[in-house]
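The analysis underlying the following values was restricted to heavy atoms, covering all of them including side chains, and did not include hydrogens, waters or symmetry mates. In what follows, chains are A, B, ... by sequence order, proteins preceding strands, each numbered from 1.
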Amino acid sequence: MITIRVQSDDFDVGVECESLTRHQGETGALVTFTGLVRGDGKLRALRLEHYPGMTEREIALITSEAESRWPLQGITIIHRVGELAPGARIVLVAVAAAHRAAAFAAAQFLMDYLKTRAPFWKEEFRGADSRWVAPNSGDDEAALKWR
Amino acid sequence: MITIRVQSDDFDVGVECESLTRHQGETGALVTFTGLVRGDGKLRALRLEHYPGMTEREIALITSEAESRWPLQGITIIHRVGELAPGARIVLVAVAAAHRAAAFAAAQFLMDYLKTRAPFWKEEFRGADSRWVAPNSGDDEAALKWR
Amino acid sequence: MRLLYFAWVRQKVGCGEEEFRLPDNVPTVAALVELLKARGPGHAQAFADPSLLRAACNQEHVRFDAAVSDDDEIAFFPPVTGG
Amino acid sequence: MRLLYFAWVRQKVGCGEEEFRLPDNVPTVAALVELLKARGPGHAQAFADPSLLRAACNQEHVRFDAAVSDDDEIAFFPPVTGG
């Protein structure tokens, strides 16, 4: 089961875990990654913009790629958009599999690909200033290792 | 913050995530691993036995080791004991960090070490039969790669 | 064709979306970028350094040597920073 | 000393815990295992193949060449299978 949601609302990691593993008696491993707005004392908010349509399309491609690489039983990806305060959840990647190696690898792969392929952009607000977050070269390298 | 619990009660992944990241404005990444009783159509229940005292001691050692290897902001480990039905949650490892690479690596390390060091034993009940689960050589190899 | 702009590209151009009639002699994304530079001061600023931009054609990532046609939806944006 | 048994070791021995007076000439876990084999039919079965067993001394994993004393808490169990 693949679930993809792009939403401004928050999500509950426990609820998403529950719905990913319900009816899945053969699941032995469930890995989640939650990305949060990392505060630094000065960050007031983050605003997430995306490309509706392409976002869902890219995430669907990424999940299909993950399913072709590892034996998975379910994937849930939720990405929030709009304005988010420090400490807020931004993204959830949850992967269910029979065994932990596949679940861990797929969750990392999905995050690395989300970071470098899914059309989201973060704008940071500090005091009266705003700036667009620059891409992280470490993210590109992380994505390249899956080639 | 390190939280270690050995309990017969179930846990809620969302609640544990929430308490691990509350008051932690600098957390950017939260990785959880949930281990579940993998059903196979015949498995009736799993019973988990442990060595009270040594269990908590070993898990504390494992978490200290993880903290010395990666910059982490919090670890929660919950391991259930007693009788568990197929589909039930067995273990939770949750790791909070500023960045995802550390959180993913530490969560995998903790699981690999839990599997090979923490004094738990699983007994499977199938029909009228019971048998003690044999150790998995893959788990030993997974733990060795961290040496 | 439909042109879409995101993040600071959108802010510099001054709009998120515009209709555009693609001339015949513009075969690639790169050629389209050169043309758009001349569309106004906002466009000139947004497209000044194409190495800072990425493009999608019909909601797929493409390189700047990709072909374009007047039926396409072309988007320009900085490297993505989600997740 | 206090002896603890877990999982099938506990089931074969027939109890999870017993007090035991360690004789002077038993310096290691391995020597203790040899001694325990003779303690009864359950013990004989549990300790028949020491390669199947693991041990802890005072709640720390130890090898079978580790030293033991009469003050110790020694546990015997199969390889762990938690997580």
Side-chain angles (χ1 to χ4, degrees), chain A residues 10-18 20-43 46 73 85-101 103-112 114-115 136 138-139 141-142 145, chain B residues 10-18 20-43 46 73 85-101 103-112 114-115 136 138-139 141-142 145:
Chain A
D10 196 9
F11 52 81
D12 182 309
V13 179
V15 169
E16 301 306 330
C17 284
E18 193 66 41
L20 193 53
T21 51
R22 198 181 301 152
H23 317 302
Q24 301 259 9
E26 290 176 19
T27 295
L30 173 61
V31 170
T32 72
F33 174 85
T34 307
L36 303 124
V37 180
R38 199 168 61 251
D40 61 2
K42 281 167 282 180
L43 183 72
L46 208 63
Q73 293 165 343
R89 282 173 278 269
I90 306 172
V91 61
L92 174 73
V93 166
V95 179
H99 300 284
R100 75 184 184 286
F104 270 119
Q108 286 173 89
F109 168 86
L110 288 164
M111 273 311 300
D112 289 344
L114 261 183
K115 288 252 178 196
N136 181 339
D139 287 335
E141 285 154 28
K145 74 170 186 283
Chain B
D10 195 9
F11 52 83
D12 181 309
V13 179
V15 169
E16 301 306 329
C17 284
E18 193 66 41
L20 193 53
T21 51
R22 198 181 303 153
H23 317 302
Q24 301 258 8
E26 290 175 20
T27 296
L30 174 60
V31 170
T32 72
F33 174 86
T34 307
L36 302 124
V37 180
R38 198 169 61 252
D40 60 3
K42 281 167 283 181
L43 182 72
L46 207 63
Q73 293 166 343
R89 282 172 279 270
I90 305 172
V91 62
L92 173 73
V93 166
V95 179
H99 300 285
R100 74 185 186 286
F104 270 120
Q108 287 172 89
F109 168 86
L110 288 165
M111 274 311 301
D112 290 344
L114 262 183
K115 289 250 177 198
N136 181 340
D139 288 335
E141 286 154 28
K145 75 172 184 281

Please determine, among M111(B), R100(B), R89(B), H99(B), the option with the most heavy-atom pairs under 4.5 Å with chain A. R100(B)
Side chain from CB out, backbone as N, CA, C, O: work out which of these in A98(A) comes under 4.5 Å of a heavy atom of chain B, or both, or neither. both
Between the side chain of E16(B) and the main-chain N/O of F11(B), is any donor-acceptor distance below 3.5 Å? no
Tell me, side chain or backbone of D40(B) under 4.5 Å from chain A's heavy atoms, or both, or neither? neither
If you count heavy-atom pairs within less than 4.5 Å of chain B, which of T32(A), D12(A), D112(A) leads? T32(A)
V95(A) and A106(A) have their tightest heavy-atom pair at CG1-CB, 4.0 Å
Taking the side chain as everything from C-beta on, heavy atoms only, tell me whether K145(B) gets closer than 4.5 Å to Q108(B). no
By a 4.5 Å heavy-atom criterion (distance strictly below it), what part of A101(B) contacts chain A: side chain, backbone, both, or neither? neither
To the nearest 0.5 Å, how far apart are CG in L110(B) and CG in L92(B)? 11.0 Å
When heavy-atom pairs shorter than 4.5 Å are enumerated against chain A, which of I90(B), L36(B), L43(B), V13(B) gives the highest number? L36(B)
Mind checking the CG-NZ spacing from N136(A) to K115(A)? Nearest 0.5 Å is all I need. 7.5 Å
Geometric class of the F33(B)/F104(A) ring pair [parallel <30°, tilted 30-60°, perpendicular >60°]: parallel
Less than 4.5 Å to any heavy atom of chain B: does that hold for the side chain of V93(A), its backbone, both, or neither? neither
Under 4.5 Å heavy-atom distance to chain A, tell me which part of V15(B) shows up: side chain, backbone, both or neither. neither
Against chain B, label A107(A) side chain, backbone, both or neither, depending on which of its atoms sit under 4.5 Å from a heavy atom there. both
What is the minimum heavy-atom distance between G39(B) and P86(B), and which atoms define it? CA-CB, 4.0 Å
